[in-house]
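Here the structure is laid out as structure tokens; the discussion comes afterwards.
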Amino acid sequence: MSIETIVLKPDDGLTKATDLLLSGDCVALPTETVYGLAADASNEKAVRKVFEAKGRPLDHPLIVHIPGADHIKRWAIDVPELAYKLAEQFWPGPLTLLLSKSPDVSSVVTGGLDTIALRVPEHPLFLDILRQADLGLAAPSANRYKKLSPTTANQVFKGMQGRIKAVLDGGPCEFGLESTIVDLTSAAPTVLRAGPITRAMLESAAGITIEQPESHKVAVPGNVAAHYQPGTRLREYKTQDLASNDAPSCCYLFYSEEAGDLLRKAEVDPSRCLKVSDDCVEYGKTLYSALHKLDEGGYDEIRIEATPRSERWAAINDRLRRAQGD
Ligand code: AMP
Ligand code: MG
């Protein structure tokens, strides 16, 4: 597989990206979560190209991005009122709703399942394309299967060069973590994947209790434990243990002053240390970029300072757990 991959700029690239999508090609687009590899969700051939470019197994379902809540019924049946309530509050935005698939929709996009995941993205470029094309776009993260999600066009280009027609450069992603997924097909609404919209936000908008299992059984292919991984081995350490047993083949990702002091005291070369914010929203924005950067350093191990186990950090803790492949 080798095709020339072009980088499109927003001003003149929007029309080109829309044309490519309408003619059945896949194009990487910026979203507010991570870059997505988009294809016309109603075109089976186009959707298959996404699976092929990513090397993603065909039974791993894709999220379908739609222009607005008024499009839900094109894709889903038996839609509960709660879906509209949540959509009104959080769309466009980083919330994906899992609903029952309409029989008119090809199950290629849902990996053979009779459920469908829908979201209205907030990124203005992605929304413009959806509205202009009046399409649903399947758009999983624009990376090879199991690898780190990209949050810049350059990361997409490095990972997918030669495998996709184009990437539209819309700058760095606002949230930097994949969307929250809520299952509305089960008896009790359940968070399937933690993300920028927290359970507390959902509960306060919905006025009901939402389940969020501590760790997920593999309910669907694609929700696997080892996912979102850098090439370098990643291990989490408690703050006080982070700087013990330093070796030149290790690098560090930390957020607390205490960890910074310990690394300095242990005389760890600052070029092997990367500090990120201690605020979970800011941390989430830069996590993948930081991991991409450390991954490129050629180290044997990325040591991560263990993050707080509170619910506000749920999305980050989930991604770090998967990045370690536990
Ligand atoms: P992403 O790779 O970020 O596009 O996320 C796709 C993930 O959404 C999948 O790996 C599943 O965990 C979830 N998902 C998408 N569609 C469905 C579906 N029909 N049923 C259950 N989970 C889904
Ligand atoms: Mg992904």
Side-chain angles (χ1 to χ4, degrees), residues 26 28-39 41 47 50-51 53-66 72 75-79 83 93-103 105-121 123 126 136-151 155-156 159-160 164 173 175-186 189-197 212-213 215-230 284 287-288 291-292 315 318-319 321-323:
C26 49
L29 301 179
T31 85
E32 74 278 27
T33 59
V34 301
Y35 271 73
L37 184 55
V47 173
V50 171
F51 283 101
K54 281 181 63 79
R56 178 167 168 134
L58 286 167
D59 62 352
H60 287 207
L62 308 180
I63 295 171
V64 176
H65 298 71
I66 54 176
I72 292 178
W75 302 92
I77 51 168
D78 303 331
V79 182
L95 177 68
T96 298
L97 301 178
L98 191 69
L99 298 163
S100 301
K101 182 180 83 64
S102 157
V105 174
S106 158
S107 60
V108 172
V109 74
T110 63
L113 297 169
D114 56 10
T115 50
I116 186 158
L118 297 177
R119 173 168 109 81
V120 177
H123 197 290
F126 202 131
L137 290 174
S141 51
N143 51 278
R144 301 297 305 279
Y145 179 54
K146 285 196 173 182
K147 298 291 184 200
L148 283 178
S149 298
T151 57
Q155 288 160 10
V156 177
M160 301 301 276
I164 59 174
C173 300
F175 290 105
L177 287 181
E178 297 82 357
S179 61
T180 305
I181 304 179
V182 187
D183 182 0
L184 298 182
T185 67
S186 51
T190 306
V191 174
L192 287 186
R193 177 172 73 187
I197 309 283
Q212 182 164 331
S215 66
H216 298 288
K217 308 188 284 297
V218 182
V220 283
N223 203 4
V224 289
H227 209 144
Y228 314 115
Q229 290 184 323
L287 174 63
Y288 286 136
L291 291 178
H292 275 284
D318 169 70
R319 302 310 185 276
R321 201 162 47 230
R322 297 192 210 214

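For ligands, and for the atoms within them, numbers begin at 1 and follow the listed sequence. These figures come from a predicted structure and were not determined experimentally.
Residue R56 places at least one N or O, backbone or side chain, under 3.5 Å from an N or O of ligand 1. The shortest N or O to N or O distance between E178 and ligand 1 is not under 3.5 Å.
Only side-chain heavy atoms of R193 come within less than 4.0 Å of ligand 1; its backbone N, CA, C and O stay farther off. Of the heavy atoms in T115, both backbone and side-chain atoms come closer than 4.0 Å to ligand 1.
Here atom 18 (C) of ligand 1 lies nearest to L98 when heavy atoms of L98, L62, L118 are compared. When the options L177, I181, D183 are ranked by their closest heavy atom to atom 8 (O) of ligand 1, first place goes to I181.
In this structure, T115 and D183 have side chains that are not in contact, with every pair of non-hydrogen atoms separated by 4.5 Å or more. Side-chain contact between Y288 and L177 is present, with heavy atoms from C-beta onward closer than 4.5 Å. F126 is listed as a side-chain neighbour of H65, based on a closest heavy-atom distance under 4.5 Å. In this structure, the side chains of L137 and L29 come closer than 4.5 Å at one or more pairs of heavy atoms.
The Mg ion (ligand 2) has S141 among its coordinating residues (N/O/S atom, backbone or side chain, under 2.8 Å).
Atoms of ligand 1 lying under 4.0 Å from at least one heavy atom of L113, given by number and element, are 18 (C), 19 (N), 20 (N). Every atom of ligand 1 with a heavy atom of A117 under 4.0 Å away is listed here by number and element: 15 (C), 16 (N), 17 (C). Using a 4.0 Å cut-off to heavy atoms of P140, the atoms of ligand 1 that qualify are 4 (O).
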Between S179 and T33, does the side chain to side chain donor-acceptor pair (under 3.5 Å) criterion hold? Intermediate values first, please. CA-CA 6 Å; S179 61; T33 59; 5.8 Å; no
Checking R119 against E32 for the salt bridge (charged side-chain N to carboxylate O under 4.0 Å, His left out) test, could you report, in this order, the C-alpha distance in whole Å, the side-chain angles of both residues, the deciding distance, and whether it holds? CA-CA 12 Å; R119 173 168 109 81; E32 74 278 27; 2.8 Å; yes
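Minimum interatomic distance between N143 and K54 (heavy atoms only, all atoms of both residues): O-NZ, 3.0 Å.
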